[in-house]
Protein chains: 2
Amino acid sequence: MEPNIAYIGNLIGDTARSKMLIALMSGKALTATELSLEADITPQTASSHLMQLIKGDLLVVRKQGRHKYFQLKNSQVAELIEQMLNISAALTSATIPTGPKNERLKNARICYDHLAGELGVNLLDALLDKGLLTENVIELNLTEKGQDFFTEIGVDFNTLNNHRRPICKACLDWSERRSHLAGSLGKWILNDAINRGWATQDLDSRALQFSAQGLSAFKKRYGM
Amino acid sequence: MEPNIAYIGNLIGDTARSKMLIALMSGKALTATELSLEADITPQTASSHLMQLIKGDLLVVRKQGRHKYFQLKNSQVAELIEQMLNISAALTSATIPTGPKNERLKNARICYDHLAGELGVNLLDALLDKGLLTENVIELNLTEKGQDFFTEIGVDFNTLNNHRRPICKACLDWSERRSHLAGSLGKWILNDAINRGWATQDLDSRALQFSAQGLSAFKKRYGM
DNA sequence: TTGATGCTTCGATGGCGATCGAACTGTTAA
DNA sequence: TTAACAGTTCGATCGCCATCGAAGCATCAA
């Protein structure tokens with residue numbers, strides 16, 4: 001029997017559920033109430049939707065006290081959402097409204113666990129320019145020079161290699177329509193920037209807020 | 001404004017529409033009537049669904065006389081469907097029914113424009129073994145040796161390079177759960193096999209039928 | 001011109017599922 | 001213990017949309 005893609009499509013195909021999934025693309029684990037606010041529905045309705053998303057293996061849940069924290073199940077699910085964002089961005093591209101909130105999203109945001117938006121695209125450009133990565137149309141590879149560079153600034157490739165995820169992966173950016181860096185290295189770079197206090201995540205969205213010093217430190221580090 | 005992924009999800013989320021989309025993963029252009037048969041619905045209903053898929057930019061249509069030929073819009077759409085097949089295959093993996101028809105699908109089938117199934121996975125293994133391609137977790141790259149090999153058997157890399165598509169791309173096989181070769185080189189290999197008469201496509205499905213001689217010629221050529 | 005075929009439009013029907021109010025369970029804090 | 005909060009279950013409602021019959025419009029083959 002063929003896999004049932006209609007089932008998955010239907011899960012994503014509801015407005016409320018899709019809003020929740022997009023909110024979870026921030027990588028943060030959100031509670032049921034938070035998600036109900038994101039989706040503009042009552043907690044009862046949200047509860048029903050969340051059950052379905054769990055059953056459909058798109059989300060996982062962790063219970064903590066009287067809260068339930070929901071997350072995307074894995075990076076495969078995140079990639080699916082990202083791919084759909086891309087395809088549907090092409091549809092609505094005729095109208096690109098730019099409010100202040102959307103502006104921040106465009107500048108820098110989190111795409112599941114790595115950096116996206118204008119800054120993410122520029123980062124990848126800089127890494128390619130400096131010869132730390134090579135690009136083969138859609139595929140990215142770390143050069144020896146890149147391996148040295150990242151080892152020096154603290155990346156432990158033994159740990160990164162252990163996972164099934166690729167180290168480097170190109171992820172098509174839906175706002176920029178160009179690639180940015182995903183994969184475990186992309187995740188490391190984002191974590192590093194947050195740990196150093198260069199950037200903080202917006203409480204209510206995927207937008208990433210760089211401080212003035214943080215931004216210049218980030219740019220200097222990666223030669224942008 | 002965020003792109004509307006619910007819209008795309010909803011399009012794929014209907015049983016009839018998803019059957020049509022999967023049928024079109026064969027890469028063939030199918031008529032409205034053929035698609036209505038695939039989806040087990042009347043032509044009227046199919047017509048309505050097809051309009052929606054066109055409007056949603058998932059399909060394109062070519063009119064030829066009194067027939068209308070439908071195709072997936074581009075390889076991005078095909079990749080989306082493939083990813084959904086993978087995710088939903090993980091769900092239904094508990095039950096893997098194997099009829100004779102499914103057996104043929106498992107052996108060799110067409111995935112949009114390249115070879116998939118057991119034979120596709122074995123092909124990639126052989127190419128890696130012979131050092132024609134290198135694999136970096138999920139990324140594939142052509143070696144010099146590979147470039148020479150494929151040039152010799154008739155690949156014109158100037159033509160392949162012109163397109164925006166990557167030459168080599170790993171595509172996760174939903175029946176084998178391992179990678180097979182996609183990208184423009186994957187397309188070339190499939191076309192070549194069909195042009196040489198080694199394989200013919202089933203009229204009513206994505207299954208690929210190799211003749212005995214064709215199969216041995218194919219295996220010999222790629223050192224399998 | 002006639003009949004057959006491919007596809008579409010229209011209208012009526014029916015069912016599924018999203019939604020929320022009300023009431024319930026479980027957890028935290030005082 | 002009590003009150004507030006987080007999340008759920010149940011039931012009723014309501015709207016949307018997939019479906020198909022009937023009729024219509026093109027195209028083809030004589």
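Everything numeric here is computed off the predicted structure, so don't read it as measured data. Per chain, numbering begins at 1; letters A, B, ... match sequence-line order.
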- Of A/Tyr69 and B/Ser48, whose nearest nucleotide on DNA chain D comes first from the 5' end? A/Tyr69

- Side chain A/Arg66 and base D/dC5 donor-acceptor under 3.5 Å: yes

- Message: Counting only side-chain heavy atoms from C-beta out, which of D/dT19, D/dT8, C/dA18 sits nearest to A/Pro43?
- Response: D/dT8

- Message: Counting C-beta onward and ignoring hydrogens, is there a side-chain heavy-atom pair between A/Met224 and A/Phe218 closer than 4.5 Å?
- Response: yes

- Query: Can you check the B/Leu11 CG to D/dC16 C1' distance for me, whole Å?
  - Reply: 15 Å

- Query: Whole-Å distance between D/dT8 P and A/Leu53 CG?
  - Reply: 12 Å

- Item | Between P of C/dT8 and CZ of B/Phe70, the distance in whole Å | 6 Å

- Is the closest side-chain heavy-atom distance between B/Leu53 and B/Phe70 below 4.5 Å? no

- Query: Rounded to the nearest Å, what distance is computed from the CD1 atom of residue B/Ile12 to the P atom of nucleotide D/dC17?
  - Reply: 17 Å

- For B/Thr31, which contact category applies under a 4.0 Å heavy-atom criterion: base, sugar-phosphate, or nothing? sugar-phosphate

- Kindly compute the distance separating CZ (B/Arg109) from NE2 (B/His180), expressed to the nearest 0.5 Å. 7.0 Å

- Message: Please compare A/Gly65 and A/Asp14 by the position of their nearest nucleotide in DNA chain C and report the one closer to 5'.
- Response: A/Asp14

- Query: Is there a side-chain polar atom (N or O) of A/His49 under 4.0 Å from OP1 or OP2 of C/dG17?
  - Reply: no

- Message: Looking at A/Lys19, I want to see if its NZ is surrounded by more than 12 non-hydrogen atoms of other residues, nucleotides or ligands under 6.0 Å.
- Response: yes

- Query: OP1 or OP2 of C/dT19 sitting under 4.0 Å from any side-chain N/O of A/Thr42?
  - Reply: no

- Message: Nearest to the side chain of B/Thr33, heavy atoms from C-beta on, is which of C/dC20, C/dC7, C/dA18?
- Response: C/dC7

- Task: Starting from C1' on C/dT19, measure out to CD on A/Gln52 and report it in whole angstrom.
- Result: 12 Å

- Query: A/Lys169 versus A/Glu79: any side-chain heavy-atom pair under 4.5 Å?
  - Reply: yes

- Message: Quick check: any donor-acceptor pair below 3.5 Å linking the side-chain of A/Gln44 to the base of D/dG7?
- Response: no

- Query: Think A/Thr45 has a side-chain N or O under 4.0 angstrom from the OP1 or OP2 of C/dC20?
  - Reply: yes

- Query: Which is true for B/Ala16 with a 4.0 Å heavy-atom rule: it touches a base, it touches only sugar-phosphate, or it touches nothing?
  - Reply: sugar-phosphate

- Query: Is B/Gln64 touching bases, backbone alone, or none of the nucleic acid, heavy atoms closer than 4.0 Å?
  - Reply: nothing

- To the nearest Å, how far apart are B/Met51 CE and D/dC17 P? 16 Å

- Task: Send over the distance from A/Lys63 NZ to C/dT25 P, rounded to a whole Å.
- Result: 14 Å

- Task: Please state how far atom NE2 in A/His67 lies from atom P in C/dT28, giving the value in whole angstrom units.
- Result: 8 Å

